[in-house]
Amino acid sequence: SVRAVRLASLLAVTFNAIGTEMNLPFGGYGVLGVCNDTAALLDQSIRGKTNMYPLVSTGRFLMHTAERLGILRKNLMKHTDLTEEVSDILRMVAATMDIPSDLHAAPSNVMDASIRYLSSSGKTTVFQIEAESKEIITDTLEKFEDYREKRPEMEKGWHWKKMRSRRKAA
């Protein structure tokens, strides 16, 4: 889609500016995130969610990304013919705030990470460790779903409802 290309261009400009300003090695590849993180930001910006795994962007550099996107937005607002770009930057800033991270394994993100892992991995496994990983992750996801069902008061929380809807959508 045209929006995806536009978002990718805006993100590339942003990453290049951060990499240059901070003198980051390899233009920031790795510390700003890797290929999955960039694609996930675009996915999150377009669809409001992502199924990509793993995501290794750090909060520190997501903050730099959001801040630099804000600077880019301010500069583009001077041009009346760039309203779509300005609007898309807001979508991307929102994505930096909502994107999950897989750097820290915690009960609060185990369902989301499991769903994204299973969505990102292929149906056919080549290596034994891959098959074993899928089995462990599926078991973990089922346990957490079981915990949720046994604790109805948790159902009142938005987080569990969000995870259930994401699993159904995946």
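- In this structure, E135 and T138 have side chains that are not in contact, with every pair of non-hydrogen atoms separated by 4.5 Å or more.
- Residue pairs meeting the salt bridge (charged side-chain N to carboxylate O under 4.0 Å, His left out) criterion with at least one member in residues 26-36: none, sequence neighbours excluded.
- Under the side chain to side chain contact (heavy atoms under 4.5 Å, CB included) criterion, H79 pairs with D81, L82, not counting sequence neighbours.
- Of all the heavy atoms in L76 and E85, the pair that sits closest is CD1-CB, 4.1 Å.
- Between S101 and N109, the closest heavy-atom pair is O-ND2, 3.3 Å.
- Heavy-atom contacts from other residues, nucleotides or ligands closer than 6.0 Å to CE of M22 number more than 12.
- Counting heavy atoms from C-beta on, the side chains of S133 and Y117 come closer than 4.5 Å.
- Taking the salt bridge (Lys or Arg N to Asp or Glu O under 4.0 Å) definition, one finds that R91 meets it with nothing, sequence neighbours left out.
- With sequence neighbours excluded, no residue forms a salt bridge (Lys or Arg N to Asp or Glu O under 4.0 Å) with E130.
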Verdict with supporting geometry, D102 and R116, side chain to side chain contact (heavy atoms under 4.5 Å, CB included)
CA-CA 10 Å; D102 299 311; R116 286 184 293 104; 2.6 Å; yes

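- The two residues A8 and L42 have their closest heavy-atom pair at N-CD2, 3.6 Å.
- By the side chain to side chain donor-acceptor pair (under 3.5 Å) test, E132 is found to be paired with Q128, residues two or more places apart in sequence or in another chain being considered.
- When all heavy atoms of R73 and V86 are compared, the closest pair comes out as NE-CG1, 3.6 Å.
- Here the closest heavy-atom approach between residue I99 and residue A40 is recorded as CD1-O, 3.6 Å.
- Cluster partners of I129, using a side-chain heavy-atom cutoff of under 4.5 Å among ILVMFWY residues and allowing indirect links, are V126, F127.
- Remark: A39 engages M52 in a side chain to side chain contact (heavy atoms under 4.5 Å, CB included) (not counting sequence neighbours).
- Among all heavy-atom pairs drawn from S57 and L103, the shortest one is O-CD1, 3.9 Å.
- Listed by first then second residue, pairs satisfying salt bridge (charged side-chain N to carboxylate O under 4.0 Å, His left out) with a partner in residues 25-37 number zero, not counting sequence neighbours.
- Looking at L24 and F61, their side chains come closer than 4.5 Å, going by heavy atoms from C-beta outward.
- Under the rule for a ring-ring contact (aromatic ring centres under 6.0 Å, His included), F15 has no partner lying at least two apart in sequence or in another chain.
- Annotation: side chain to side chain donor-acceptor pair (under 3.5 Å) contacts of N36 (sequence neighbours excluded): none.
- A heavy-atom distance below 4.5 Å is found between the side chains of L11 and T65.
- A salt bridge does not link D98 to K49: none of the charged nitrogens lies less than 4.0 Å from a carboxylate oxygen.
- Applying the salt bridge (charged side-chain N to carboxylate O under 4.0 Å, His left out) test to pairs two or more places apart or on separate chains, those with a residue in residues 6-28 are R6-E84, R6-D88, E21-R68.
- Applying the side chain to side chain donor-acceptor pair (under 3.5 Å) rule to S45 yields no partners; only residues at least two apart in sequence or on another chain are considered.
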